[in-house]
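Just below is one structure, and these are the notes that go with it.
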2 protein chains.
Amino acid sequence: MKSEREIFEAYLIKRHLRGTPQRGMILDTFLKREEHITAEQLYDIVKKRDPSIGQATVYRVLKLMVEAGLAREVDFGDGVMRYEHCYNHPHHDHLVCRGCGKTVEVLDSVIEELQKRVAESFGYELTDHEMYLYGLCQTCRKKKA
Amino acid sequence: MKSEREIFEAYLIKRHLRGTPQRGMILDTFLKREEHITAEQLYDIVKKRDPSIGQATVYRVLKLMVEAGLAREVDFGDGVMRYEHCYNHPHHDHLVCRGCGKTVEVLDSVIEELQKRVAESFGYELTDHEMYLYGLCQTCRKKKA
DNA sequence: GCCATCAATGATATTGATTATCAATTATAT
DNA sequence: ATATAATTGATAATCAATATCATTGATGGC
Ligand SMILES: [Zn+2]
Ligand SMILES: [Zn+2]
Ligand SMILES: [Zn+2]
Ligand SMILES: [Zn+2]
């Protein structure tokens, strides 16, 4: 099993791009965090390690990571794109609390299968999908009561 | 069964807001179209009937229609919000072609039920959800081959 | 090493959809 | 009529994301 590092470097070589200290450091920082993270949040962390890094570079490296199959964009509909690990992180959907934002990753194989069938019943070949479940977590329900 | 007009006016009264020619005209124009429409597209149509209308007003009336339960926001992930009819237009999800953008409204009652169960299994009470299925329609598949 | 080529960086400017601001206008209530 | 409050259109501001660009740095052939 290849490491994420190796995959990233292989992708750079394939695209005739170069490995640089900035790219390495941003990749490392992203991999260390497990949560869904915004470009801005990642930039803030990276800046502490190396204040000379520009935020344009963070945006660029995030795009590279997505292309390399290491990161995935997640859109919770609040106007900011988030990024999560993709490699060794099989497909899943998200259940988000409308009260506090607490997020759970979920996967239901029956739903996944039905999505494919629904698409086919309209003559479409399903390539991908997004599903966001919104609700109230237990804590937030108790707070309301 | 109340008309959409009546619902809109009832909502305005409830909020101590006023009916105006601009609001009436923008509402009519929105109701006449059946497709998912952007604020910009709606503004373009409205402008032809009355060039003095500002686009800020279109944004404002769209927001009112959403609040009144007459319109629903739809986000296909391309950075522009679309709006669709909500009243007498029961809940549905969307199947969008990655090739040409052709969109079909879909509803699968089993999926809807499972979504509720998944949320409950994590202690969440489901309030709403978004599901976007992306694929290739028949036409676009043939074009590729 | 030297030179030519091409990628990478960081600062800055720009974009584009949406919101906020504000002065002027219009409706409503007393 | 007068005070109050809502509405409008124009314009400015926001904000994430992208584009631009001059500078720096790496690479490869010689
Ligand atoms: Zn919560
Ligand atoms: Zn996730
Ligand atoms: Zn198509
Ligand atoms: Zn629809």
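Numbered from 1 within each chain, the chains take letters A, B, ... in sequence-line order. Side chains included, hydrogens not; waters and symmetry mates left out as well; all remaining heavy atoms used.
Under the 4.5 Å side-chain criterion, counting only non-hydrogen atoms from C-beta, A/Gln55 is in contact with A/Tyr59. Residues A/His91 and A/His129 form a side-chain contact, since some pair of their non-hydrogen atoms from C-beta on lies under 4.5 Å apart. In this structure the side chain of B/Arg72 never reaches within 4.5 angstrom of the side chain of B/Tyr83, judged on heavy atoms. Side chains of A/Arg23 and A/Leu12 form a contact here, defined as non-hydrogen atoms less than 4.5 Å apart.
What you find for B/Thr103 and A/Tyr124 is that their closest heavy atoms are N-OH, 4.2 Å. In plain terms, the two heavy atoms of A/Gly69 and A/Cys86 that are nearest each other are O-CB, 3.5 Å.
Atoms NE2 (B/His16) and C1' (C/dA27) sit 16 Å apart, rounded to a whole Å. For A/Leu64 and C/dA8, the CG to C1' distance is 11 Å, given to the nearest whole Å. Atom CD1 of B/Ile13 and atom C1' of C/dA27 are 14 Å apart (whole Å). If you measure from atom OH of A/Tyr43 to atom P of D/dA17, you get 15 Å, rounded to the nearest angstrom. For B/Leu17 and D/dT7, the CG to C1' distance is 10 Å, given to the nearest whole Å. B/Arg15 has its CZ atom 20 Å from the P atom of C/dA27, to the nearest Å. Here the C1' atom of nucleotide C/dC6 and the CG atom of A/Leu12 are 16 Å apart, to the nearest Å. Computed from coordinates, the B/Asp78 CG to D/dT18 P distance equals 13 Å when rounded to whole Å.
Residue B/Thr29 forms a side-chain contact (heavy atoms from CB on, under 4.5 Å) with just one option from B/Val46, B/Asp50, B/Ile37, and that option is B/Val46.
Taking only side-chain nitrogens and oxygens, A/Thr57 comes nearer than 4.0 Å to OP1 or OP2 of C/dG10. Under 4.0 angstrom from either OP1 or OP2 of D/dT7 there lies no side-chain N or O belonging to B/Thr20.
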Between the protein and nucleotides 24-29 of chain D, list every N/O to N/O distance that falls short of 3.5 Å.
| residue | atom | partner | partner atom | Å |
| --- | --- | --- | --- | --- |
| D/dG25 | N2 | A/Arg18 | NH1 | 3.3 |

Show me the protein contacts with nucleotides 15-23 of chain C, counting only N or O atoms at under 3.5 Å.
| residue | atom | partner | partner atom | Å |
| --- | --- | --- | --- | --- |
| C/dT18 | OP1 | B/Met81 | N | 2.9 |
| C/dT18 | OP2 | B/Tyr59 | OH | 3.0 |

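Ring pair B/His36/B/His94 is perpendicular by interplanar angle, where above 60° counts as perpendicular and below 30° as parallel. Relative ring orientation between B/His89 and B/His92 is described as perpendicular, the plane-to-plane angle rising above 60° on a 0-90° scale split at 30° and 60°.
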